[in-house]
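Data first, discussion second: the structure below is written as structure tokens.
Start at 1 and go down the list; that is how both ligands and their atoms are numbered.
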Amino acid sequence: MNDTMIKNIKSLILPKKTDKPLKGKEMDDLEVVDDAMVVIDGGRVVYAGAETDEYDAKETIDAKGMIVSPALVDPHTHVVHGGSREHEMALKRQGVDYLTILEKGGGILNTVEQTRKATHEELFEKASKNIVRMVQHGVLTVESKSGYGLNRENELKQLNVSREIAENFPIEMKHTFLGPHAIPKGTDSETFLNEMIDLLDEVKDISDFADIFCETGVFTIEQSRRYMEAANEKGMRVKIHADEIDPLGGLELAIEQNAISADHLVAASHTGKSMLKDSATVAVLLPGTTFYLGKDQFADARGILDNDGAVSLATDYNPGSCVTDNLQMIMAIAGLKLKMTPNEIWNAVTVNAAHAIGSERGTLAEGDAANLVIWDAPNHEYIPYHYGVNHAHTVIADGEVVYVRPGLLV
Ligand code: IZC
Ligand code: ZN
């Protein structure tokens with residue numbers, strides 16, 4: 001006898017399980033099974049497909065004609081940090097741009113100050129609230145970056161908070177060391193970068209990836225290459241914040257260094273985009289950030305897809321350039337501003353997001369961990385369409401219900 005059956009599913013969304021990310025036209029291909037069911041035993045999927053009488057289970061969950069998908073994967077967040085930066089919102093609207101705020105000691109450096117001041121427990125409490133909200137919005141895998149400590153003690157503090165969150169919530173987390181995220185006051189970029197490279201030996205045991213912010217006024221291409229080479233030599237997979245604002249060639253560098261992902265890419269070159277086809281690097285696009293920074297030019301998702309690249313989507317949840325932990329909102333912006341199709345969007349927040357962070361999640365094939373969401377929506381295209389609200393009705397982590405949407409108290 002199996003543990004649980006989910007019956008009466010109007011449409012079941014089944015991204016294809018592959019050992020490589022989906023690329024180009026493959027991303028517009030998504031299996032949707034109508035009148036479906038899911039059978040779970042021991043926290044794993046036994047069956048996910050058309051309704052049949054072949055199975056029984058101790059417990060039945062009635063999906064009431066709603067739709068079911070794998071739980072979402074958010075492959076780029078800065079969820080662990082101290083404080084907030086609401087005072088920058090009006091400044092940005094008055095025309096003071098993101099890099100100017102950083103140059104003046106605000107922006108990331110403001111969050112660094114607040115993160116250094118916060119205790120481990122305070123950071124844990126604060127990030128926990130965001131994690132709970134992410135789970136409520138259907139996300140059960142989260143990548144989490146350091147990068148607001150900018151010294152040994154505080155980078156380790158951030159990474160350890162991230163690891164404690166993974167142990168205390170029903171989610172999978174991937175932890176990324178982003179020591180070279182900004183240059184702290186009172187030092188120069190070379191000295192600081194060397195310090196962060198020296199830290200790799202210590203952080204490699206508590207993090208999955210090494211990341212760097214390659215941008216004008218932050219780290220150059222040459223510095224980013226040196227850091228990525230050092231991380232690769234130590235056996236860490238690398239990631240890069242590439243071509244977010246200025247076209248420095250971060251995407252080409254990511255591919256050269258066999259990065260698992262290249263993130264942002266708003267200003268990426270045509271050469272870089274065409275190189276994605278023959279690489280293992282996933283383009284993680286963060287359109288919520290472009291929206292939040294008030295820019296007109298969004299990442300060229302269509303160009304990447306037409307060149308057979310692999311695209312994923314993430315919130316980039318952080319206190320400065322994208323203050324939302326709702327990945328459904330990003331799905332809507334991707335539809336509206338990146339001109340991605342609903343199928344591409346679903347693949348981008350499930351199977352391809354998992355590939356961008358080396359996770360096995362994002363699919364509901366036989367034997368997969370049973371991480372799934374029952375969505376209160378008439379079809380899968382509806383979720384990016386009806387934007388800004390939460391459509392998650394029930395969230396199931398490793399076969400256990402961890403969230404059911406509450407109703408009114410009247
Ligand atoms: O705190 O502004 N882009 N890093 C690179 C960020 C945004 C986070 C922040
Ligand atoms: Zn980021």
With sequence neighbours left out, write down each residue that passes side chain to side chain donor-acceptor pair (under 3.5 Å) with Lys7, or none if nothing qualifies. none

Could I get the full list of side chain to side chain donor-acceptor pair (under 3.5 Å) partners for Lys145, not counting sequence neighbours? Glu143, Asp211

Derivation of the side-chain contact (heavy atoms from CB on, under 4.5 Å) call for Leu193 and Ser189: CA-CA 6 Å; Leu193 186 66; Ser189 65; 5.9 Å; no

Name all residues meeting the ring pair (Phe, Tyr, Trp, His ring centres under 6.0 Å) criterion together with Tyr227; count only those two or more places apart in sequence or in a different chain, and write none if there are none. none

Answer key: the N, O or S atom of Asp316 nearest to the Zn ion (ligand 2) is OD1

Kindly confirm whether the Zn ion (ligand 2) is within less than 2.8 Å of some N/O/S atom in His76? yes

Give me the one residue out of Lys239, His241, His264 that meets side chain to side chain donor-acceptor pair (under 3.5 Å) with His76. His241

Atom name, His241 (N, O or S, nearest to the Zn ion (ligand 2)): NE2

Is a donor from one side chain sitting under 3.5 angstrom from an acceptor on the other, for Ser359 and Glu172? yes

So do Thr18 and His355 actually touch side chain to side chain, heavy atoms under 4.5 Å? yes

Select all protein residues for which some heavy-atom-to-ligand 1 distance is less than 4.0 Å, and list them by chain and number. Arg85, Tyr98, Ile108, Tyr148, His181, Phe213, His241, Glu244, Asn318, Ser321

